[in-house]
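Everything quoted here is computed from the prediction, not taken from an experiment. Whatever order the structure lists ligands and atoms in, that order sets their numbers, starting from 1. Along the sequence shown, residues carry numbers from 1.
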Amino acid sequence: MYLKEELERRGVPALLKFEDGREVTAENWEERRLELVDILSREEYGYMPDEKFKVSAAEAAKPARDCAGKAVTERLTLTVSGSKGDFSFPLLICTPAKKPGGKCPLVLLINFRPDFPDKYLPAEEIIDRGVGVAMIYYNDIALDKNEWESGIAGMYPRPEYSWSKITMWAWAASRCMDYFETRNDIDFERVGVAGHSRLGKTALWCGANDTRFKYVFANNSGCSGDAITRCKRGETVEIIYRAFPFWFVPKYNEYAGREQDMPFDQHFVVAASAPRVVVCGAAEEDIWADPESQYLSCCAASQAWELLGEKGLIGVDRYPEPGDIFTKGKLGFFMRPHAHYFSRYDWNRYLDCFLI
Ligand code: GTR
């Protein structure tokens, strides 16, 4: 394990031990994985409603040729039906007009804006690599505010449902996946979920909950995302909870200033998607997220892939430097020069992993 001494110094909890003390093996990994999801639900992000939803899609506009005719963009309205009634939100899907074998891989971006294209969504470059891209706008699901009336938050309110805005956004991505499964032009072995910053946290949490996403791309997700919380620089539990209590369940705040008491750390959310592909992107100047702590999480989480006989993180035994790209294993990490942003450089790193 890379940076083993540093992980020990920070007192990061063991990944490969059950809460009851049993050893984790390749045979019981799935049981441990579900335990990780349960711990993170209980302590940090909350639980998704425990019911089966039905989804249907309607055209919101006629499909249009895009990207010089290389792509087709569909604007849909997805309706999710559950015990509390119907809930609808827009879903955009842009796929290559020519799909070899009639199918294409697809990345679902949970985005900050409803615009298409968008500065975080370089559609033509993605299409040119043979990949489709879908997008939802997170405020269409539930507002990024400390209120519980909007969107799905109003239909499944707290405290009756113990969830958070991050969990609601992740839940919506899974409902998109329900819909993708009804189509015959998507390669289900290659569907990924991506997000940046708070939505990078969301992408990780979505991958942990929904194994149908075979790729998880967490861009600059940092605190309460891919960064080890213990002894982290920049943002802490206390700071993030004070600013964004609604991203979490109230229990998380108990660890403000008491990170050492957490029965988990963020390598759990990274490992909860093992042995699927997870790639964590950091940015050199993003000290608030803390690239060193982001890399540490990958070092610790890699044990899950290795336990299963898979290539985990193929990295180095030191903290990362700008320009480092460690994406040869199924758990990838890279550190882009410059600041917090979802850049084309980042997309290209994710697409490199997607297309091998
Ligand atoms: C910051 C927050 C970070 C990150 C970021 C973002 O204010 O402290 O954890 O999530 O917002 O989402 O842009």
Side-chain angles (χ1 to χ4, degrees), residues 40 43-46 108-115 118-121 135-147 150 153 163-170 172-173 193-208 216-250 252-253 255-257 259 262 264-270 278-298 335-336 338-343 345-347 350:
L40 294 162
E43 307 282 344
E44 189 172 9
Y45 307 113
L108 170 63
L109 175 69
I110 310 168
N111 206 3
F112 283 91
R113 291 161 297 274
D115 314 339
D118 175 71
K119 64 179 181 180
Y120 287 172
L121 180 45
M135 183 183 81
I136 54 174
Y137 169 47
Y138 78 144
N139 277 318
D140 283 335
I141 313 307
L143 291 179
D144 188 7
K145 288 198 178 131
N146 200 4
E147 58 75 48
S150 70
W163 57 343
S164 65
K165 294 292 172 84
I166 285 185
T167 301
M168 293 177 195
W169 303 326
V193 60
H196 169 68
S197 206
R198 67 199 68 184
L199 299 173
K201 310 182 211 299
T202 305
L204 280 172
W205 185 226
C206 173
V216 177
F217 302 133
N219 201 64
N220 301 183
S221 67
C223 184
S224 316
D226 64 358
I228 289 291
T229 315
R230 285 166 169 81
C231 311
K232 177 184 178 304
R233 292 181 301 168
E235 197 170 32
T236 60
V237 174
E238 188 180 350
I239 297 171
I240 202 170
Y241 194 89
R242 201 186 310 127
F244 306 106
F246 46 98
W247 290 355
F248 309 101
V249 289
Y252 192 46
N253 195 32
Y255 301 111
E259 284 83 355
M262 296 188 342
F264 65 99
D265 210 315
Q266 296 305 124
H267 58 316
F268 281 20
V269 76
V270 175
V278 178
V279 187
C280 297
E284 176 192 6
E285 294 166 20
D286 194 3
I287 303 306
W288 194 239
D290 190 4
E292 294 187 350
S293 298
Q294 293 177 268
Y295 184 62
L296 264 190
S297 234
C298 295
M335 179 148 87
R336 168 174 55 72
H338 310 300
H340 189 77
Y341 190 79
F342 198 163
S343 73
Y345 179 107
D346 303 320
W347 270 106
Y350 300 128

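- The existence of a salt bridge linking D290 and R233 is confirmed by a sub-4.0 Å separation between a basic side-chain nitrogen and an acidic carboxylate oxygen.
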side-chain contact (heavy atoms from CB on, under 4.5 Å) assessment of I166 paired with F244: CA-CA 10 Å; I166 285 185; F244 306 106; over 6 Å; no
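- Note that OG1 of T229 and CD1 of I240 are 9.0 Å apart. Values are rounded to the nearest 0.5 Å.
- Each of the atoms 2 (C), 7 (O), 8 (O) of ligand 1 lies under 4.0 Å from some heavy atom of F244.
- For the pair W247 and ligand 1, a heavy-atom separation below 4.0 Å is found.
- Within the 4.0 Å heavy-atom shell around ligand 1 one finds K201.
- For ligand 1, the polar-atom distance check finds no N/O of H196 at less than 3.5 Å from any of the ligand's N/O atoms.
- Looking from atom 8 (O) of ligand 1 to the surrounding protein, the closest heavy atom is E235 OE2, 2.3 Å.
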How far apart are the C-alpha atoms of S224 and Y252, what are their side-chain angles, what is the distance that settles it, and do they pass the side chain to side chain donor-acceptor pair (under 3.5 Å) test? CA-CA 10 Å; S224 316; Y252 192 46; 2.9 Å; yes
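- Ligand 1 places these atoms under 4.0 Å from at least one heavy atom of I240: 9 (O).
- Shortest contact from atom 12 (O) of ligand 1 to any protein heavy atom: R198 NE, 2.5 Å.
- No side-chain donor from either of S297 and D226 sits under 3.5 Å from a side-chain acceptor of the other.
- Near S197, the atoms of ligand 1 lying under 4.0 angstrom from a non-hydrogen atom of the residue are 4 (C), 5 (C), 6 (C), 10 (O), 12 (O), 13 (O).
- For Y137 and F112, the ring centers sit 6.0 Å or farther from each other.
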